[in-house]
Protein chains: 2
Amino acid sequence: MSSSRGGALRQAAPLFAALGDTTRLSLVRRLSTEGPLPITRLTDGSGMTRQAVTRHLHALGKVGLVRNAKEGRERVFSLDLKRLEIAQQYLDNVSAQWDAAAARLKAFVEDNRS
Amino acid sequence: MSSSRGGALRQAAPLFAALGDTTRLSLVRRLSTEGPLPITRLTDGSGMTRQAVTRHLHALGKVGLVRNAKEGRERVFSLDLKRLEIAQQYLDNVSAQWDAAAARLKAFVEDNRS
DNA sequence: TGGACATGCAACCCGGGGGTTGCGCATCGG
DNA sequence: CCGATGCGCAACCCCCGGGTTGCATGTCCA
C-alpha cells in the first residue's frame, strides 16, 4: 500500500508538470469548455505556431491527459479526466495529511505548556 | 468575472509547475505528513545537496505553497494550503466544464441521428 | 486532376531549470 | 572562547523544454 503511494508520486509529478505551462493549461481549458477540437482550431487563438501547439498536445497526451483520434484529414484531441482525477486525489491527500499533522502538533504544544 | 478566470489561469500554471517536479512534490509530501521542518531535516532523506533542496523550497515559496520562519539558527518551512486549494478548484472547474461539454455533445449527436 | 487545407517530421536557436562545489556568516553549546 | 551546526550566496555545468522555419505527405472538393 505504501508502495502504491510511492508510485503515486512518480505518477503525479509528470502530470502536474504537464499542467504547469500556461499554453498547455489553456489548451486543457479550451478542450474542457469547447469539447473535442482539431489542432488547427486549437492553434487559432493561441498566438503561436501550429507546431508549438502540436508539441504541447503531444506532451499532454504523453501523460494521458489528452487523447486523439484521426478523423478524415484532421486529428481531433479530447480530454481524458482519469488523469485529472489522479491529480485531484493527490492534492486532497496532501491536504488531509497536513491537517492531521497540524492537529497532532497543536495537541503536542498544548500538552507541554502546563 | 471572465477576467477573474483568466487570472486563475496565470495563477494556476506556476502553481502546477511548482508541483511538477519529483523533488519538490516529495518535499510537499514530507511537509504534509511530518509537519514543519528545517532545511537540513528535509535534506536528509532527499539524496541531494542542501543547496538543491534550498532552491526547491524557494521555488515552492515563490508560488506561495510554502512559508518559512527563522527559528534560532535554523529556518523552518511549512505548507500553506491556500494555494493548494486554488489548484484543486482549478481542476474541479476543468472537470465540471468538460462534463458539461460532453453532455452538450451527446445531446447534439442523439438529436441528429434520427 | 489541381489546388486548398490539415498535419507530420526534422533541424536549429535560445534561455532557464536542476544540481554541485566552495566560501563566508551567524548561532549553539560546552 | 572555540568547534560544530545550519544557512545564504555566487559561480559554473549540462541538458531539456518551448518556439520557429522549411519541406513532405495525406485528404477534400470543385
Side-chain angles (χ1 to χ4, degrees), chain A residues 9-31 34-78 83 87, chain B residues 9-31 34-78 83 87:
Chain A
L9 197 164
R10 289 221 181 94
Q11 194 175 15
L15 231 145
F16 287 127
L19 294 174
D21 178 283
T22 309
T23 301
R24 282 194 293 272
L25 198 52
S26 43
L27 286 176
V28 167
R29 173 156 287 288
R30 284 198 61 184
L31 287 178
E34 306 178 25
L37 291 174
I39 298 182
T40 306
R41 273 276 213 310
L42 288 168
T43 301
D44 280 343
S46 69
M48 73 183 69
T49 312
R50 168 180 59 85
Q51 312 298 342
V53 174
T54 300
R55 288 173 78 75
H56 283 300
L57 288 173
H58 280 352
L60 288 172
K62 199 169 188 176
V63 297
L65 275 172
V66 150
R67 297 181 317 175
N68 68 82
K70 202 168 185 178
E71 292 185 8
R73 65 178 162 182
E74 54 187 22
R75 183 171 293 273
V76 178
F77 283 79
S78 51
R83 300 310 170 106
Chain B
L9 197 164
R10 289 222 182 95
Q11 196 174 13
L15 232 147
F16 287 128
L19 295 174
D21 178 283
T22 310
T23 302
R24 282 194 293 272
L25 198 52
S26 42
L27 286 176
V28 167
R29 174 156 287 287
R30 284 197 61 186
L31 287 178
E34 306 178 24
L37 292 174
I39 298 182
T40 306
R41 220 81 158 133
L42 289 168
T43 301
D44 280 343
S46 70
M48 74 183 70
T49 312
R50 169 180 59 85
Q51 311 299 339
V53 173
T54 299
R55 290 174 76 76
H56 282 300
L57 288 172
H58 279 352
L60 289 172
K62 199 169 187 176
V63 298
L65 275 172
V66 150
R67 297 181 319 173
N68 67 83
K70 201 168 184 177
E71 293 186 8
R73 65 177 163 184
E74 54 187 22
R75 183 172 293 274
V76 178
F77 283 79
S78 51
R83 301 309 171 107

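A note on names: the letters A, B, ... follow the listed sequences, proteins ahead of strands, and every chain is numbered from 1. Please read these numbers as outputs of a predicted model, since none were measured by experiment.
- In terms of phosphate contacts, B:R75 brings a side-chain nitrogen or oxygen within less than 4.0 Å of OP1 or OP2 of D:dG8.
- The shortest distance between the side-chain N/O atoms of B:H56 and the OP1/OP2 oxygens of C:dG17 is not below 4.0 Å.
- Summary of the strand contacts: B:P38 and A:A52 both lie near DNA chain D, and taking for each the nucleotide with the nearest heavy atom, the more 5' one is attributed to B:P38.
- Nucleotides of DNA chain C nearest to A:T54 and B:G72 differ in position, and the one nearer the 5' end is that of A:T54.
- Side chain of A:M48, nearest nucleotide from D:dG6, D:dT20, C:dG8: D:dT20.
- The closest side-chain heavy-atom distance from A:D21 to A:H56 is below 4.5 Å.
- Nearest-nucleotide positions on DNA chain D place B:F77 closer to the 5' end than the other of A:Q51 and B:F77.
- Candidate nucleotides D:dC28, D:dG8, C:dT7 were compared by shortest atom distance to the side chain of A:R73, and D:dC28 ranks first.
- Formation of a donor-acceptor pair under 3.5 Å by the A:R50 side chain with backbone atoms of A:T43 is not found in this model.
- With contacts defined as side-chain heavy-atom distances shorter than 4.5 Å, the pair A:E34/A:R41 does not qualify.
- Phosphate proximity of D:dG18 to A:R24: present, with a side-chain N or O under 4.0 Å from OP1 or OP2.
- For the pair B:T23 and C:dG19, the criterion of a side-chain N or O lying under 4.0 Å from OP1 or OP2 is met.
- In this structure, B:R24 contributes its side chain and B:A18 its backbone to a donor-acceptor pair below 3.5 Å.
- Taking only side-chain nitrogens and oxygens, B:T49 never comes nearer than 4.0 Å to OP1 or OP2 of C:dG19.
- Between the side chain of A:R50 and the base of C:dG8 there is at least one donor-acceptor pair of N/O atoms closer than 3.5 Å.
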